[in-house]
Amino acid sequence: MTMKKIGVVGAGMMGAEIALCFARAGMDVILADIKQEFADGGKQKQAAILDKQIAKGRTTEEVKAATLSRVTPTVDLTLMADCDLVVEAVLEKLEIKAGTFEKLDKICKPETILASNTSSISITKLASSVSKERAANFVGTHFNSPASVMKLVEVIPGLLTSQETADTVTQVLLDIEKEPVRVKDVTGFALNRLFHVFYGEAMRLIEEGVATPEDIDKICLYGLGHPVGICKLLDQTGHDLNVSVDQILFDAYGERFRPSPVLQRFVDSGRLGRKSGEGFYSYEKK
Ligand SMILES: NC(=O)c1ccc[n+]([C@@H]2O[C@H](COP(=O)([O-])OP(=O)(O)OC[C@H]3O[C@@H](n4cnc5c(N)ncnc54)[C@H](O)[C@@H]3O)[C@@H](O)[C@H]2O)c1
């Protein structure tokens, strides 16, 4: 099946970039949010990303214009009726995601595949918000952030997802030059389990006074070959999100994911990382 038209619901940090990945590959994209200004903001963010790529000589004004011409920002989910695939990237709240899928199930043609970009909610549970017939066409697609740059996408079949749906989604991800990896529908999937266990040890090193955050980041860069240090990365994802996902993993798996007191203190003091202007590092407040 060749996919021509994609829907993305939620034009925030993830949705805008996910939509850009499909538009860049030549597909028409409907990008929806609850307010027109939010949907337009997603498209503006895409333009800013493409401008940076032009400045680095990685793309051209022509490609930017063609890519953006394929993106329709809207508040009207009915424009997604004939989409081949709709990726949901709204807030990480079960009731908001479930309500979105209930609407999409009624609006979209029977063949439309519905996918969720959830980081922590069970795909099988989310699939229960759509009809039995649609559940076979429901799957998790966990894009890594920043989605316009990072190649990894975890493909997560739920209990009722058909093999055909998992295969079709894997193929379209390959078509947009991603590296899909199929993982089971368990809490945290695979990426977040690895990520949180790794940074949990980094936080223990800081807590014990073994190394400073700056030196931990140097270890990541020059010893492990990471493109960005772990403390800087945690500042980017935001400490409120880091701690809330730690808590979900702790509830599911116990001690090895106990939320770090270092990060909890940051959250308690409103030091949330880049978005608040202060985390392990200082940033100019936006
Ligand atoms: N931020 C990350 O690093 C990351 C990584 C992987 C997955 N995720 C997941 O992606 C999803 C989105 O995260 P984000 O960081 O982009 O959040 P965000 O807050 O930046 O964006 C969410 C967007 O959804 C919109 N929205 C809320 N309710 C809506 C509705 N009913 N209909 C349409 N739009 C609605 C909001 O207005 C907002 O623009 C979450 O499930 C999150 O767990 C996030």
Side-chain angles (χ1 to χ4, degrees), residues 7-21 29-46 49 72-80 83 86-108 114-123 125-126 129 139-156 173 178 180-181 183 187-196 199 228 230 232-249 272-275 279 286:
V8 177
V9 188
M13 177 167 149
M14 293 303 291
E17 297 213 18
I18 292 169
L20 177 60
C21 296
V29 183
I30 306 293
L31 178 59
D33 209 300
I34 39 173
K35 287 191 178 168
Q36 187 63 41
E37 64 192 273
F38 296 163
D40 292 340
K43 190 163 175 175
Q44 281 154 16
K45 185 175 177 205
Q46 296 172 339
I49 291 169
T72 306
T74 185
V75 289
D76 183 4
L77 286 186
T78 65
L79 297 185
M80 298 190 183
C83 280
V86 178
V87 181
E88 165 279 313
V90 304
L91 302 179
E92 188 73 355
K93 293 233 175 340
L94 176 62
E95 60 282 11
I96 297 179
K97 287 186 186 291
T100 302
F101 283 121
E102 274 169 33
K103 284 188 208 149
L104 288 170
D105 188 22
K106 293 195 182 93
I107 290 169
C108 296
L114 300 184
S116 177
N117 191 50
T118 179
S119 312
S120 61
I121 303 172
S122 156
I123 298 303
K125 190 187 261 183
L126 280 175
S129 46
V139 69
T141 51
H142 186 228
F143 286 74
N144 203 357
S145 176
S148 65
V149 178
M150 302 300 274
K151 286 195 168 282
L152 179 72
V153 184
E154 290 174 288
V155 174
I156 309 119
L173 291 170
K178 295 296 180 194
V181 171
V183 301
T187 307
F189 313 130
L191 172 75
N192 270 330
R193 281 176 62 177
L194 285 171
F195 177 54
H196 285 251
Y199 83 61
V228 56
I230 190 70
K232 190 159 254 185
L233 188 58
L234 291 171
D235 272 358
Q236 276 167 28
T237 50
H239 298 302
D240 46 348
L241 180 68
N242 299 331
V243 169
S244 78
V245 178
D246 275 340
Q247 190 61 52
I248 290 165
L249 293 168
L272 302 181
R274 191 149 77 172
K275 64 184 166 189
K286 281 191 180 172

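Sequential numbering from 1 along the given sequence is applied to the chain's residues. Note that these values count all heavy atoms, side chains included, but never hydrogens, waters or copies made by symmetry. Whatever order the structure lists them in is the order used to number ligands and atoms, beginning at 1.
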Practice problem: Give the C-alpha distance, both sets of side-chain angles, the deciding distance and a yes or no for side chain to side chain contact (heavy atoms under 4.5 Å, CB included) between F101 and V9. | Solution: CA-CA 10 Å; F101 283 121; V9 188; over 6 Å; no
Quiz item: Going through the distances and angles, do D76 and T74 end up as a side chain to side chain donor-acceptor pair (under 3.5 Å)?
Solution: CA-CA 5 Å; D76 183 4; T74 185; 5.1 Å; no
Self-check item: Stepwise side chain to side chain contact (heavy atoms under 4.5 Å, CB included) check, V155 with V183
Solution: CA-CA 6 Å; V155 174; V183 301; over 6 Å; no
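T118 and S120 get closest at one heavy-atom pair: OG1-N, 3.2 Å.
A heavy-atom cutoff of 4.0 Å around ligand 1 is satisfied by the protein residues V9, G10, G12, M13, M14, D33, I34, F38, A89, V90, L91, E92, I96, K97, T100, N117, T118, S119, H142, F143, S145.
Using cut-offs of 30° and 60° for the angle between ring planes, the Y199 and H196 rings count as tilted.
Comment: K275 does not engage D235 in a salt bridge, judged by the lack of any side-chain N to carboxylate O separation of less than 4.0 angstrom.
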